[in-house]
Amino acid sequence: MKVGVIGANGQIGQHVVKYLQQSDIHSVTAVVRKEEQAEKLITNDIQAIVADLEGSVEDLAKALAGVDAIIFIAGSGGHTGPDKTLLIDLDGAVKTMEAAKQVGIDRYIMVSAFDADKRQNWNEGMRPYYVAKHYADRILESSGLNYTIVRPGGLVNEKAIRKITVGPEAKPSTIAREDVAYTLIASLENKNTYYRAFNLVNGEHSIETALNNLR
């Protein structure tokens, strides 16, 4: 698969791009928002394109043409207000879904937030973020795309252990960003993750075993 990684310059995105670049079965197109980010990636022999999630669906469709699958990891970041959260994490995500359908991309993996589907569990200090993730997830689920929604727990910059817990067994906890990246890539062609949404934290099972046993 040729995988378009939207949000490739983020902390998880950088891991995903690196591992896809090393893959024998997938290739990667890094989708970033600044020319200088793209230039740096291209210097490292990574295909990169610039796309604005606040731009038009048509422009996003042109940028994504030729991609077989999308991994959406983009976010407005913790230093912006609720307006940017809605424009990037919600509307920007939905625009890429619409763009994917325009150019015939079927596989779409979304990075969401732990328990984004359960309003009663949302962090009070991050409600706009959870609102954006909640509705982006719901729109993806009804889009007709072959989706996987990954809802990681608290993100930490620790070394990957390549062992996770997913689904109902995943209790509020943390997960290394690198392990999120490995899980996203492992989900690309794992049919047990198709049309599924699940919480994700570090755990006791290998990524492959955990995804294969997902229920």
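When a residue number appears, it is its place in the shown sequence, counting from 1.
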Should the pair [X]-[Y] be classified as a salt bridge under the 4.0 Å nitrogen-to-oxygen rule?
| X | Y | answer |
| --- | --- | --- |
| Asp91 | Lys95 | yes |
| Asp117 | Arg151 | yes |
| Lys84 | Glu54 | yes |
| Glu169 | Arg215 | yes |

Taking atom [atom1] of [X] and atom [atom2] of [Y], what is their separation to the nearest 0.5 Å?
| X | Y | atom1 | atom2 | value |
| --- | --- | --- | --- | --- |
| Asn190 | Leu214 | CG | CG | 8.5 Å |
| Leu200 | Ile149 | CG | CD1 | 13.5 Å |
| Met126 | Thr85 | CE | OG1 | 8.5 Å |
| Ser206 | Ile161 | OG | CD1 | 11.5 Å |
| Ile175 | Lys163 | CD1 | NZ | 14.0 Å |
| Ile46 | Thr29 | CD1 | OG1 | 11.0 Å |

Inset, instruction - Give the minimum heavy-atom separation between Ala38 and Val50, together with the two atoms involved. - result: CB-CG2, 3.8 Å
Legend entry - Nearest heavy atoms of Asp89 and Gly75, plus distance in Å: OD2-CA, 3.5 Å
Legend entry - Backbone of Lys34 reached by a side-chain donor or acceptor of Gln37 within 3.5 Å: yes
Legend entry - Any donor-acceptor pair under 3.5 Å from Gln102 side chain to Ala61 backbone: no
Inset, instruction - Decide whether Thr148 and Arg107 meet the rule of one side-chain donor and one side-chain acceptor closer than 3.5 Å. - result: yes
Legend entry - Modelled atom types, side-chain donor and acceptor of Thr96 and Tyr108, under 3.5 Å: yes
Inset, instruction - Mind running side chain to side chain contact (heavy atoms under 4.5 Å, CB included) on Asp68 and Val3 for me, showing each step along the way? - result: CA-CA 6 Å; Asp68 302 308; Val3 185; over 6 Å; no
Inset, instruction - Check the surroundings of atom NE2 in His205: do more than 12 heavy atoms from other residues, nucleotides or ligands lie under 6.0 Å from it? - result: no
Legend entry - Glu98, CD: over 12 other non-hydrogen atoms inside 6.0 angstrom: yes
Inset, instruction - Might you work through the side chain to side chain contact (heavy atoms under 4.5 Å, CB included) test for Gln47 and Val28, ending with a clear yes or no? - result: CA-CA 7 Å; Gln47 183 173 346; Val28 62; over 6 Å; no
Inset, instruction - Might you work through the side chain to side chain contact (heavy atoms under 4.5 Å, CB included) test for Ile73 and Ile6, ending with a clear yes or no? - result: CA-CA 6 Å; Ile73 326 173; Ile6 301 175; over 6 Å; no
Inset, instruction - May I ask whether Phe72 and Tyr194 are part of the same hydrophobic cluster, defined by side-chain heavy atoms of I, L, V, M, F, W, Y residues being less than 4.5 angstrom apart, directly or through others? - result: yes
Legend entry - Shared hydrophobic cluster, Ile71 / Leu90 (ILVMFWY, side-chain heavy atoms < 4.5 Å): no
Inset, instruction - Specify whether Tyr130 and Trp122 have parallel, tilted or perpendicular ring planes, treating 30° as the upper limit for parallel and 60° as the lower limit for perpendicular. - result: parallel
Inset, instruction - Look at the rings of Tyr147 and Tyr195 and say which category their plane angle falls in: under 30° parallel, 30 to 60° tilted, over 60° perpendicular. - result: perpendicular
Inset, instruction - Could you go through the side chain to side chain contact (heavy atoms under 4.5 Å, CB included) check for Met110 and Asp137 one step at a time? - result: CA-CA 8 Å; Met110 169 74 81; Asp137 291 358; 3.8 Å; yes
Legend entry - Sub-4.5 Å side-chain heavy-atom contact between Asp179 and Asn202: yes
